[in-house]
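Remarks on the structure that follows.
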Amino acid sequence: MATPELPNAVIADALEELGDLYELDGAIVHRVVAYRSAAKRVREASVSVAALARAGRATELPGIGATLQEKIVTLLDAGTIPAAERLRAKFPPGLIAITRIPGLGPKRARLLQLELGIDSPESLREAALAQRLRGVRGLGPKFEANVLAALQAGAAERAAPRILLPKAIAVGAALIAGLSERARPGTRIELAGSVRRQADSVKDLDLIATTSRPAALAGTLAGLDEIESVSAAGGAGARGRTHAGMTVDLRIAKPSQHGNLLQHFTGSARHNAALREASVRGGLHVSEYGLLEDASGRTRTCATEAELYELLGLAYIEPELREDRGELQAARLDGGAGLPALVRLEDIRGDLHCHTIASDGHNSIEEMAAAARERGYEYLAFTDHSASHGFGNDVSPDQLRRQIELVHRENARIDGIELLAGSEVNILPDGGLDYEDELLAELDWVIASMHTAFAMSEQKMTERMIAAIEHPLVRAIGHPTGRLIARRAPYAIDLDAVFAAAARTGTMLEINGNPDRRDLSDVQARAAARAGATIVIDSDAHRVLTLENMRWGVASARRGWLTAADVANSRSLAQLRELGKQPRK
DNA sequence: GCCGTTTTCGGCCCGACTGTTTTCAGTCG
């Protein structure tokens, strides 16, 4: 085949656009939701959806049926979907852009197009300035003013930015501290939403509180230093914006409803929708206020989430699993397959990827070793960059020999932790490594990663990666897809083939805990483990402080349904040495 | 458009808030 297949992200974009277009065209909401849901599944699929569709198997993905299977193949063959072509002629991109303005959805966009010929942010601005929007039935001066303010703020040009998880947690903690100071004793305030689910990045912050005096607490949000403005403050809570532009939702309920509220605002939206749909069939209606029973007409409240799930006939579901990826079926107390006992940070017994001042790290061997021991680790591998890393922080063969000596010397000196001399070796474009095998054989631990030449074809990249996986001295592959969250897409690579090769050779695959990476991702790590590959979770620390990044890697592993047994470094060093590929002696 | 422990057809969660209305549609999460 001459032309490469479309990446999942491109197929997902096409489905999302088609959903937007159908929405403007007045399609029923469920059809639109079906397109968006399918787009999400395609985007997060760990395998090539193009290849799946070619084989007629895209319907194996939940949310994709015969119609979309066919439309995806059409997109692959013709480069476009006829229905999208037809609708694009009716609804220009500018019309979709104005639906990004808060309070302006598809119905109003369509109305504005029909009544005033508006088809772009520019024509919308002109009409608003000329006070023509208020002439449309259902719209008034306030709507006009809100539209102008949103256009001024650039709402139509760009989607709201996503914040990486650590930053979101820090902002959330500051808000909770501020609210707690002003709250009555006994008030409980905590983070829910995608932060609690430990997602890679989040769009806004969801805070929940339980108190007997809701209105008083809601009123205090506006007074916090971090809050720029409060846009809504009803009886149930308040909504504000931070100075950095992040939306903050605070919702408040009675202590007896704590479980209901926490479950509702932890989400995800898709988990909740699926949960509620299934519950309705059993005559139960779930909301943030309680559980309405059709039979008795009573609403039952739950102080804890576990109670709520139990009333629904389900085992407790950890927040990280609540993404509608099969957890509801697995959790059924009557015949579900059961949920995994997720790996915990406390299960991690060592870190197998970190850097020192020998390459681009900021601390010495001694400092890193002491900090790792402080964390309770049993072992730590030093994996500075290899000979060709560039940026002035590569380690020549002679320098590596010296580093091995230093690590072994420190290992002899320090008690309570085993230090491994390792390297993060570059995988060269031809699949080779940038140290001689003879030198690699002197190391206790070798992790191999790609740091250059990302623009290769999928086939070449896959061959390159598999060559490294098959190298007898490579124990693990670092950050296997090269993605940087919200900054750089993964390189083109056939992960199915990578997972199979890793399983076959006993080469471990990393979940890199750097919060910019989290690579493998949750769904990829799950697919890798299912394919029989062993996962290693690393911090990739470049200083003492970032040894802490292990927690983000564990978060991804938990979101990927992994147990301690799936994770190599939940084992003792002796057990680890027995695991997977055996290094040469 | 998807999907099935009531269904291969007829369903497809639940509630808050806004701005415009005289009872509600649209939007959002």
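We name chains A, B, ... by the order of the sequence lines, and we start the count at 1 in each one. Just so you know, these numbers use all the heavy atoms, side chains as well, and skip hydrogens, waters and symmetry mates.
- If A/Phe265 and A/Gly63 are placed on DNA chain B by their nearest nucleotide, the residue sitting closer to the 5' end is A/Gly63.
- In this structure, A/Arg526 satisfies the cation-pi test against A/Trp561, with its NZ or CZ atom closer than 6.0 Å to the six-membered ring centre and inside 45 degrees of the ring normal.
- Residue A/His30 places none of its side-chain N or O atoms closer than 4.0 Å to OP1 or OP2 of B/dC2.
- In this structure, A/Tyr35 and A/Tyr22 have tilted ring planes: the angle between them lies in the 30° to 60° band.
- Across all strands shown, B/dT8 forms no Watson-Crick or G-U wobble pair with both distances under 3.5 Å.
- With B/dC12, B/dC14, B/dG26 as the candidates, the nucleotide lying closest to the side chain of A/Ile28 is B/dC12.
- A/Val286 comes within 4.0 angstrom of the backbone, heavy atoms only, and of no base.
- For the pair A/Ser287 and B/dC13, the criterion of a side-chain N or O lying under 4.0 Å from OP1 or OP2 is not met.
- Counting non-hydrogen atoms under 4.0 angstrom, A/Ile101 reaches the backbone sugars and phosphates but no base.
- No contact: A/Asp334 has no heavy atom under 4.0 Å from any strand.
- Counting only heavy atoms from C-beta on, A/Arg281 has its side chain closest to B/dT7 among B/dT7, B/dT20, B/dG26.
- Listed candidates were B/dG29, B/dC12, B/dC2. Nearest to the side chain of A/Glu277 is B/dC12.
- When all heavy atoms of A/Ala218 and A/Gly237 are compared, the pair lying nearest together is CB-O, 3.8 Å.
- Of the two residues contacting DNA chain B, namely A/Asp206 and A/Gly282, the nearest-nucleotide position lying further toward the 5' end is that of A/Gly282.
- Within the structure, every side-chain polar atom (N or O) of A/Asn272 is placed at least 4.0 Å from both OP1 and OP2 of B/dC14.
- Among the heavy atoms of the strands lying under 4.0 Å from A/Tyr35 are primed sugar atoms or P, OP1, OP2 only; no base atom is included.
- Here B/dG29 is the nucleotide among B/dT27, B/dG29, B/dT22 with the atom lying nearest to any side-chain atom of A/Lys203.
- Going from atom NZ of A/Lys142 over to atom P of B/dT27 covers 18 Å, rounded to whole Å.
- Between A/Gln263 and A/His271 the shortest side-chain heavy-atom distance falls below 4.5 Å.
- Here A/Leu275 lies out of heavy-atom contact (under 4.0 Å) with every strand.
- Remark: the backbone N or O of A/Arg197 is not paired with any side-chain donor or acceptor of A/Ser194 at under 3.5 angstrom.
- A/Arg31 comes within contact range of at least one nucleobase, with a heavy-atom separation under 4.0 Å.
- Each of B/dG1, B/dT20, B/dC14 was ranked by its minimum atom distance to the side chain of A/Ala34; first place goes to B/dG1.
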